Structures are given as structure tokens and as C-alpha cells.
Amino acid sequence: MSYLTSSPIDVASLLLEARDSDGALCLFLGVVRNENEGRPTTGIQYEAYGSMAETEMERIARLLATEFPDVELRMQHRVGRLSVGEASVAVVALSPHRSEAFAACRAAIDRIKTTVPIWKKEFHPDGSSHWVDPTKK
Amino acid sequence: MSYLTSSPIDVASLLLEARDSDGALCLFLGVVRNENEGRPTTGIQYEAYGSMAETEMERIARLLATEFPDVELRMQHRVGRLSVGEASVAVVALSPHRSEAFAACRAAIDRIKTTVPIWKKEFHPDGSSHWVDPTKK
Amino acid sequence: MQIRILHFASFRDAVGRDADVRELSEGTRVRDLWASLGHEVPLFARFRAMPPAAVNREYVSGETVLQDGDEVAFLPPVAGG
Amino acid sequence: MQIRILHFASFRDAVGRDADVRELSEGTRVRDLWASLGHEVPLFARFRAMPPAAVNREYVSGETVLQDGDEVAFLPPVAGG
């Protein structure tokens, strides 16, 4: 399965089939909001450097597998034009106990946001748009 | 909606309908595992002091609403006999940003496990069973 | 006055019933009730401290004075999730 | 030698294309390429430090020496999630 998808993220299928030893599942969903930094938003265009984003998410998965050996991790990031309320990213962490499930899920989404080459252009009610720069806050 | 259910938890419906201001969703699922404390398990019977469990989960929800005013919280706990792989508890926290979603979700499941009057009897492959006592570890 | 006691999980197994109705004298505290149950239920007598108790579905301290019609429960260690 | 440069998001908007092919002399480092692009693209000239760069889909430092056939990208601040 690839980490990027241009179709709506199928959350139900990401949740399926825990291992018999899994007692905990933590899912994180990033959802398109109706505002950002105080400005109303009507939608977001996600653009990826696709081949590198796949490589980078694979690298994140490999590192987290070392840091959390009991955790099974599933990640998917959507690309394309999304409306308010749609999921842009999903991370699922399954593990025997809940502490590692929460920690691995949180670490995964934090790293995805930091290193995976994906960009977003926000659209506003007045028709204008701009590329989001998280380093300028 | 009541917090306790004797039917399988409908996770999909718990995930539906974020508010337009929600940018983050964190779901925790507790799942019946195939072993506990080193002993193989074939299933778990969850028993609740139903009316008090509802009151107590409502109290947890109220306290967390004060601690995390931006978070919308949904919780459900299953009762009855469950097999390995079935979800026993679900917590969903929706919020504008991910930090509170993770924190509220984690706080909710930690408190559910500590104060809600629910008990579990584990069944083993040899047909024996016992009530789990988390204070004896 | 009359109160109702509910028994759950391992406590129900120990008592052999899931509920009891009991006549108490005015002023009986939750901890007095627990102490009297200890004379009847061997498992309860083995507790050094009173387990968590609820009156009318709310956690209470042992000092709580019981009232006519109360629903009382002593709770084995909870294990939800 | 020949390399390919990919432009994404705000950088693509600034360059006006999503890719360029370019002839470079042997020994050209990533930071040399960035400096030369700064002479052509006003947005790039405004950067005090080189942005994160990738060669063949892996993050690299500015000292990395480019090879024939490399796929190079300078990356605007990422904003996934």
C-alpha cells in the first residue's frame, strides 16, 4: 500500500485487523478546518513531492519500528483538493498496551508534519489562496 | 446516547461529524488481547454497575470539558462477553489542534480505567476464569 | 430504616447474591455496614481497609451516614477499559 | 553533466515551471546550484539560508556534490498533516 492517496482516506479499513496481541489502538486524523491563524478557510489543496514523500514516510515508519518495537503503524496522507471536514492524514498505532500506542501515534504525526515533503495551499472565502508556511508563526 | 453498550461498539459512527473548527481527531480503542500478565486469554466478560458507570462517565466527561474546553469528547464502553480482537472501549476526542485531542483522549481512557465501576473476568484456554484485579500486579 | 446493598463481580461471587436488603439503625455509617458484612463474608473480613464504596451511584467516604432507601455498593477493584 | 531540478508549491509558483534540466560542471555542490538559482529567481535570492534540499528523494546537505542524472529539489517549508 502506498502512503499517499488522492482518494478519500478509508479510515475503516485502516482500523481493521488488530493482531491477537494488540490491546490498544490509537488513531489520529488530521481534518481540514474552517479557519487557520484566524483566517477563514474554505478548503485546502495538498501537494506532495510524491516519490520522496513515500520514501520519507517509509523512513519514519522504519525509525518508529525501532523505537516502538511492539507497535504496528499505519499511515496515509491525502493529496489534492479537500473541503472542510475531510481527513488529510491518518495514523493508526496498534500495540499490546496503550502507552506505546499513544506515543507512537503522536510521534508519527509530529514527524510527518516536520519532514514529509507535502505542502498546502489554503483557500479563503474571498477566492484568494496562499501556501501555508508553518515556519512563519 | 448512553455510555455503556451491550452491542459491538460502532466505531464508524463515533468518528462521524466533526465540527467545522475541528482540525484533529484522536481515537483510542481498547481491544481484547490473547494474553494478560503472561496468561493466555480466550475472552473477557465485562460487567458494570450500569447506572453508576453512566453517572461516573458523565462526571469524567464534565470534568474533561472543563479541563479541555475546546475538545468534544465521545466515549463508549462495552459490557458482556467479548472475544479476542473485539473493542471493549472507545474514546474519541475532537479539537481544533492535535495536542489537546491527544491529551484529552489519553486522560479520558486513564480515568475510565481508574474510576468507572466496570469489572472484567478473563477466560483461559483450560476453561478456568478469574476476575482481574489491577491493584495486584 | 432499610437500605439495599448491591454486590458486583468477585464480591457477588463471595456473597452468593447480587443484592441484599437490610434493616439498619439510624446513624449507621458506611464503614459500620462494611464492618458488619465482614462478620458474614470471609472474603470481606480479609480486607485491611474498606474498599471504595458508593451510595446512590456516587463514591462516598466511610464516614457517610446512611439514609433510609439508600442504594449501597462496595466495589471490587475496577478493571474497565 | 546534466541534472533535473523539480520545483514545488510556492517555489514552482516563483519559477513558473515544475521542472528544469540543467548542465552543470563536475564538482558542483548543492549549495552552488542554489546560489546560481538565486541569480534567476528573485524569491530565492531573498533566502538568507539555503532551504532543505533533496537529491534523488533523500534530504542532503549543501555540501553534497551533484552527479550526472541527479534529481534535485529545494523544498519550501513543508506543511503536511
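In what follows, every chain begins at residue 1, and chains take the letters A, B, ... in the order their sequences are listed. Values in this document were obtained by computation on a predicted structure and should not be read as measured data.
- Heavy-atom distances place no part of B:Ala12 under 4.5 Å from chain A, backbone and side chain included.
- Neither the backbone nor the side chain of A:Leu94 comes within contact range of chain B, judged by heavy atoms closer than 4.5 Å.
- Taken to the nearest 0.5 Å, the CZ atom of A:Arg33 stands 10.0 Å off from the CZ atom of B:Arg19.
- If you tally non-hydrogen atom pairs under 4.5 Å between each of A:Val31, A:Val89, A:Val84 and chain B, the highest count goes to A:Val31.
- Ranked by heavy-atom pairs under 4.5 Å with chain A, the first of B:Leu29, B:Val11, B:Asp22, B:Val91 is B:Leu29.
- Side-chain contact between B:Val92 and A:Leu27 is absent, with no heavy-atom pair separated by less than 4.5 Å.
- In this pair, A:Phe102 and B:Phe102 present their aromatic rings perpendicular. The plane angle is above 60°, beyond the 30 to 60° band.
- Ranking B:Gly30, B:Ser88, B:Cys105 against chain A, the residue ahead of the rest is B:Cys105, based on heavy-atom pairs under 4.5 Å.
- Interface summary for chain B: among A:Glu17, A:Glu35, A:Lys113, the most heavy-atom pairs under 4.5 angstrom belong to A:Lys113.
- Residue with the most contacts toward chain A among B:Ser21, B:Cys26, B:Ala18, B:Gly85: B:Ser21 (heavy-atom pairs, distance under 4.5 Å).
- For A:Val32, the part lying near chain B is the backbone, with the side chain staying farther off; criterion is any non-hydrogen pair under 4.5 Å.
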